[in-house]
Amino acid sequence: MTVATQAGGGGHVDRGGGGGSSGLADVVELILDKGLVIDIFVRVSLVGIEILTIDARVVVASVDTFLRFAEATNRLDLYGKGKGGKDLTELTQGMMEGGAKGKTAGVLDAAVDKVGELLGGDEEDEREPVRKRPRQRARERERER
Amino acid sequence: MTATYVYGLVAAGTTLPEDLVGLGPSGRVSLVEHDGVAAIVGDVPDRPLGTRDDLTAHEAVVDTVAAATTVLPMRFPAVVEDSQVIDELLAPHQDRFLRALEQLDGMVQYSLKGRYVEEVLLKEIVEEEPAVAELQERIRGVSEDASYYDRVKLGEIVAKAMEERRDVDANDILDRISPFAEQASPTTPPQPDEVVDIAFLVRRDGVEQFESEVEELGADTHEWLRLRLLGPLAPYDFVPAEE
């Protein structure tokens with residue numbers, strides 16, 4: 001039914017759905033939550049639905065989510081500091097996986113800071129905004145017209 | 001009692017696509033018509049329903065038919081007694097079904113979902129939220145146990161910052177795509193990095209333009225947003241509620 005990549009487009013949007021090509025989570029969301037219900041329908045016994053529904057709906061923001069974000073943010077910080085930081089990051093991660101957590105990471109992180117300073121690497125000013133928001137884009141296009 | 005599975009409703013006189021495979025043992029799917037309305041029906045397996053295959057079969061039947069004609073989709077699972085398809089389903093609700101089919105005539109649904117590219121958003125948040133950098137400084141070099149509460153707090157601030165950005169971005173996306181749809185039904189997704197989950201009701205003759213607008217939005221935002229478009233689908237989110 002629907003093709004995976006868009007004809008004519010750059011293929012920046014994942015496509016799915018329509019006639020069985022959706023993922024199970026999408027299907028569950030569509031057919032268990034929505035659609036017509038008539039009170040005369042016979043009660044049928046169901047298997048597995050409850051489990052499926054729980055699987056499909058991710059639990060709302062929790063401590064786990066926060067910790068995940070915190071970890072991702074801290075990892076990102078290492079990337080952000082200075083050039084050549086990648087090797088150190090990899091090294092750090094290897095060590096963290098090896099069980100030497102916390103302290104070692106901190107020391108290495110400080111080292112990355114130093115490298116950053118030595119390279120004079122504070123590029124914040126010249127960095128272009130990564131995000132072009134939809135509305136900005138729309139306005140830009142209007143101006144172009 | 002023999003039971004009949006009901007996938008959805010269409011206008012009488014509809015021709016079903018040939019390649020439909022139902023969830024019953026025969027796999028057959030057919031129509032039962034009554035006074036302008038038809039039920040898309042099939043047989044029911046002799047076991048409880050709800051396997052993965054049952055769910056995908058239901059969706060595939062409904063949405064394959066929806067690709068060509070307007071379908072009122074039934075919520076899974078819909079089973080009636082064989083003899084009662086007309087007497088209990090079609091006849092008593094004929095009015096309501098006809099009106100809904102008419103309202104949705106010539107339209108399909110698309111569901112648009114979007115998720116942030118985490119790294120890009122986190123970078124933006126670290127740069128724009130001073131509290132994040134402060135906490136990172138405090139966590140640095142401290143053992144995992146000792147920094148637990150600071151890490152939770154950091155994550156909470158990040159999640160909140162992401163939600164604030166998402167509210168803005170979700171509105172922008174809605175504003176930008178809505179002009180190409182008849183109706184839009186947005187829901188707020190459960191996770192902060194999930195930006196949008198919007199159902200759009202689109203005229204069949206406007207489908208191409210709608211899809212290319214979404215594609216253009218995707219091209220403009222792909223560096224920080226992963227968009228997923230499902231459809232064309234039956235109008236799941238736009239079935240009129242019972243009066």
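By convention in this document, chain letters (A, B, ...) are assigned in the order of the sequence lines, proteins followed by strands, and residues within each chain are numbered from 1. Hydrogens, waters and symmetry mates are skipped; everything else that's a heavy atom, side chains included, is used.
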Measure across A:K34 and B:Y236 and return the closest heavy-atom pair with its distance rounded to 0.1 Å. CB-O, 3.7 Å
Heavy-atom closest pair, residues B:Y148 and A:L67: CE1-CD1, 3.9 Å
So, does [X] use its side chain to make a donor-acceptor pair with the main chain of [Y] at under 3.5 Å?
| X | Y | answer |
| --- | --- | --- |
| B:Q191 | A:T65 | no |
| B:E215 | A:G11 | yes |
| B:R75 | A:D33 | yes |

Do [X] and [Y] have side chains that get closer than 4.5 Å, going by heavy atoms?
| X | Y | value |
| --- | --- | --- |
| A:T73 | B:V126 | yes |
| B:L154 | A:N74 | yes |
| A:L30 | B:L233 | yes |

With rounding to the nearest 0.5 angstrom, report the NE2 to CG distance, B:H58 to A:L32. 8.5 Å
Looking at chain A, which one of [options] has the largest number of heavy-atom pairs inside 4.5 Å, strictly under?
| options | value |
| --- | --- |
| B:G218, B:P189, B:A219, B:G155 | B:G155 |
| B:Q84, B:K153, B:R226, B:R165 | B:R165 |
| B:V117, B:L121, B:V108, B:V6 | B:L121 |

Just to verify, what does B:D46 make a side-chain contact (heavy atoms from CB on, under 4.5 Å) with, not counting sequence neighbours? none
Can you list the residues that meet the side-chain contact (heavy atoms from CB on, under 4.5 Å) rule with B:V239, with sequence neighbours excluded? A:L36, B:P73
For B:L55 and A:V28, what are the C-alpha separation, side-chain angles and deciding distance, and is it a side chain to side chain contact (heavy atoms under 4.5 Å, CB included)? CA-CA 7 Å; B:L55 296 163; A:V28 166; 4.2 Å; yes
Answer with side chain, backbone, both or neither: which region of A:I31 has an atom nearer than 4.5 Å to a non-hydrogen atom of chain B? both
Candidate pair A:V63 and B:E156, rule side chain to side chain contact (heavy atoms under 4.5 Å, CB included), full reasoning: CA-CA 8 Å; A:V63 170; B:E156 201 176 345; over 6 Å; no
Identify which part of B:F238 has an atom lying under 4.5 Å from any heavy atom of chain A, answering side chain, backbone, both or neither. neither
In sequence, state the C-alpha distance, the side-chain angles, and the governing distance for B:H93 and A:I38, and then conclude on side chain to side chain contact (heavy atoms under 4.5 Å, CB included). CA-CA 9 Å; B:H93 304 94; A:I38 310 285; 3.4 Å; yes
Looking at [Y] and [X], is any side-chain nitrogen of the basic one under 4.0 Å from a carboxylate oxygen of the acidic one?
| X | Y | answer |
| --- | --- | --- |
| B:E119 | A:R75 | no |
| B:R228 | A:D26 | yes |
| A:E71 | B:R151 | no |
| A:R68 | B:E118 | yes |

